[in-house]
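Inspection log for the structure reproduced underneath, given as structure tokens.
Any value given below was found using the heavy atoms of this structure, including those in side chains, with hydrogens, waters and symmetry copies removed.
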Amino acid sequence: MEQKGIVFGIQHFSIHDGPGIRTTVFLKGCNMNCAWCHNPESIAKKPTLAYTDSKCIRCGDCVRVCPQVHSIRDGIHKIDRSKCTCCGRCVQACCKGALSIMGEEMDAGEVIGEALRDKRYFERSGGGITISGGEPMCQAAFTKALCKKAKEEGVSTAIETNGYADFSEYEKLLPYADLFLIDYKLTDDAKHKKFTGVSGKRILENLKHFCMAGKPVILRCPVIPGVNDTDGHFKAIALLTRQYHNILGFELMPYHKLGMSKAKRIGEEGYEEFEVPDASTVESWTERVCSFGGRIYEADGLEVKKHERQN
């Protein structure tokens with residue numbers, strides 16, 4: 001029987017999730033709760049009902065098919081998510097596309113079949129399939145099945161992960177995955193717990209294990225103004241790229257607000273809003289890491305470039 005999992009998106013022609021042109025598969029479920037989460041719809045492993053108020057014309061069709069969940073009073077559309085089973089009847093009834101289900105069950109063969117539509121682009125560009133999330137290791141067996149099928153088809157795979165799973169789970173992927181994109185969010189462990197809900201010590205231990213296993217890693221570093229845009233954190237990023245031979249370099253991932261609007265669509269409140277950095281600020285961050293001896297990893301279209309900048 002085919003391994004099945006919950007997928008909330010398949011993005012073709014991605015150029016920011018590893019080398020070359022890639023198809024990125026987004027899986028539901030996450031074992032962290034980052035204050036700046038860019039994909040809040042991915043945290044829950046189960047499918048999630050999403051609602052876009054600007055598309056709703058208050059016609060009441062959703063109320064007629066599911067009055068337990070939907071109601072319209074005084075021109076306000078309310079959703080009781082505690083009673084929603086994500087059956088999809090309201091989505092089918094909505095004539096304006098204001099409702100959608102985030103996440104659907106797919107088997108590994110379906111996912112890889114969809115991704116293989118881009119195989120010729122993978123071959124020309126040195127790309128492949130990237131499995132992201134959420135956190136792919138929350139569906140570890142499904143992630144392994146995807147990697148295994150991709151390898152059987154001769155397609156390179158990358159895993160984008162927060163690095164927090166037990167390394168025994170990552171070991172099961174080592175024969176099939178070619179690259180790991182590992183988030184490095186915060187250096188100060190007290191801050192790591194505060195802003196993600198977990199300690200960062202396991203992530204550092206796992207980086208050592210990846211090094212011993214000889215698997216290539218790209219360090220992906222979300223930078224949030226007022227949280228981790230400090231020289232102490234930038235020095236730690238630089239040190240990791242020098243310390244481990246298997247780390248190809250770092251990428252900085254500046255904060256953006258798209259997660260705020262997505263959280264509103266799924267009825268989640270309380271996400272903290274941070275300042276969005278401009279391009280010059282992001283460039284200055286990169287230069288700071290490089291000034292501390294950090295090795296930067298750059299993927300520019302079809303060409304992958306790796307170089308080290310020193311003082």
Side-chain angles (χ1 to χ4, degrees), residues 2-28 38-39 42 104-137 139-163 169-183 210-211 213-221 241 244-253 295-308:
E2 283 272 18
Q3 183 74 45
K4 294 184 177 182
I6 307 297
V7 179
F8 76 93
I10 298 177
Q11 180 178 310
H12 297 273
F13 301 107
S14 173
I15 59 171
H16 300 296
D17 297 322
I21 296 174
R22 311 191 69 82
T23 295
T24 303
V25 180
F26 295 93
L27 305 186
K28 290 271 279 175
H38 291 166
N39 288 330
S42 73
E104 64 173 311
E105 185 177 73
M106 299 180 71
D107 66 45
E110 289 178 290
V111 174
I112 296 302
E114 174 68 20
L116 287 177
R117 291 168 49 194
D118 300 331
K119 188 174 182 180
R120 63 185 181 277
Y121 299 107
F122 303 157
E123 293 169 344
R124 293 173 184 173
S125 69
I129 297 170
T130 298
I131 305 171
S132 184
E135 171 49 52
M137 302 310 291
Q139 298 191 57
F142 186 54
T143 296
K144 178 183 175 182
L146 293 174
C147 289
K148 190 174 181 181
K149 281 189 171 293
K151 193 171 188 68
E152 290 169 356
E153 295 289 343
V155 174
S156 173
T157 56
I159 308 295
E160 183 176 13
T161 173
N162 59 29
E169 292 297 326
Y170 289 115
E171 280 186 307
K172 298 173 185 177
L173 296 176
L174 297 183
Y176 311 108
D178 300 295
L179 173 68
F180 289 85
L181 314 175
I182 299 181
D183 289 359
F210 277 112
C211 182
K215 276 295 180 178
V217 166
I218 298 173
L219 215 57
R220 307 196 91 187
C221 309
T241 69
Y244 295 119
H245 64 83
N246 64 312
I247 295 182
L248 305 180
F250 74 90
E251 294 179 323
L252 298 188
M253 303 170 65
R295 186 168 64 252
I296 188 172
Y297 182 93
E298 294 179 321
D300 183 14
L302 304 184
E303 181 184 6
V304 179
K305 300 178 293 183
K306 302 190 287 288
H307 62 276
E308 186 171 352

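Contacts of T130 classified as side chain to side chain donor-acceptor pair (under 3.5 Å), with partners at least two apart in sequence or in another chain: R22. D107 pairs by the side chain to side chain donor-acceptor pair (under 3.5 Å) definition with nothing, not counting sequence neighbours. In this view, H12 and I10, T23, E114, R117, D118 satisfy the side-chain contact (heavy atoms from CB on, under 4.5 Å) rule, not counting sequence neighbours. Taking the salt bridge (charged side-chain N to carboxylate O under 4.0 Å, His left out) definition, one finds that E110 meets it with nothing, sequence neighbours left out. Taking E123 as the reference, K119 meet the side-chain contact (heavy atoms from CB on, under 4.5 Å) condition, with sequence neighbours excluded. Applying the side chain to side chain donor-acceptor pair (under 3.5 Å) criterion to Q139, with sequence neighbours excluded, gives no partner residue. Annotation: side chain to side chain donor-acceptor pair (under 3.5 Å) contacts of E2 (sequence neighbours excluded): K149. With sequence neighbours excluded, the residues forming a salt bridge (charged side-chain N to carboxylate O under 4.0 Å, His left out) with K172 are E169, listed by chain and number. In this structure E160 satisfies the salt bridge (charged side-chain N to carboxylate O under 4.0 Å, His left out) test together with R220, sequence neighbours excluded. With sequence neighbours left out, the side-chain contact (heavy atoms from CB on, under 4.5 Å) criterion links E104 to M106. Scored by the ring pair (Phe, Tyr, Trp, His ring centres under 6.0 Å) test, Y244 finds no partners at all (sequence neighbours excluded).
Taking both residues in full, the closest heavy atoms of I21 and F122 are given as O-CD2, 3.3 Å, listed atom of the first, atom of the second, then distance. Closest heavy-atom contact between G134 and P136: O-CD, 4.0 Å.
Between the S42 side chain and the N39 main chain, a donor and an acceptor come within less than 3.5 Å of each other. With hydrogens and angles ignored, the 3.5 Å screen pairs no side-chain donor or acceptor of E153 with any backbone N or O of V155.
With rounding to the nearest 0.5 angstrom, the OG atom of S132 is 6.0 Å from the CG atom of D17. Within the model, atoms CG of L146 and CG of L27 stand 6.5 Å from one another, a figure rounded to the nearest 0.5 Å. The distance from the CD1 atom of I247 to the CZ atom of F210 is 10.5 Å, given to the nearest 0.5 Å. The CD1 atom of I296 lies 7.0 Å from the CG atom of L252; values are rounded to the nearest 0.5 Å. Note that CZ of F142 is 14.0 Å distant from NZ of K28, once rounded to the nearest 0.5 Å. Here the NZ atom belonging to K215 is positioned 11.0 Å from the CG atom belonging to N246, to the nearest 0.5 angstrom.
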Audit row: I218, E251, side chain to side chain contact (heavy atoms under 4.5 Å, CB included) steps and yes/no: CA-CA 7 Å; I218 298 173; E251 294 179 323; 4.0 Å; yes
Which is it for T143 and I159 under the side chain to side chain contact (heavy atoms under 4.5 Å, CB included) test, yes or no, and what are the steps along the way? CA-CA 9 Å; T143 296; I159 308 295; 3.8 Å; yes
Show your working on side chain to side chain contact (heavy atoms under 4.5 Å, CB included) between M253 and C221 and close with a plain yes or no. CA-CA 6 Å; M253 303 170 65; C221 309; over 6 Å; no
Stepwise side chain to side chain contact (heavy atoms under 4.5 Å, CB included) test for R295 and F250: CA-CA 6 Å; R295 186 168 64 252; F250 74 90; 5.6 Å; no
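Here the side chains of I129 and I112 are in contact, with some heavy-atom distance below 4.5 Å.
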Would you give me the side-chain donor-acceptor pairs under 3.5 Å for residues 173-181, sequence neighbours excluded?
from : atom 1 : to   : atom 2 : distance (Å)
D178 : OD2    : S156 : OG     : 3.3
D178 : OD2    : T157 : N      : 3.0

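No hydrogens or angles considered: nothing links the side chains of Y297 and T241 as a donor-acceptor pair under 3.5 Å.
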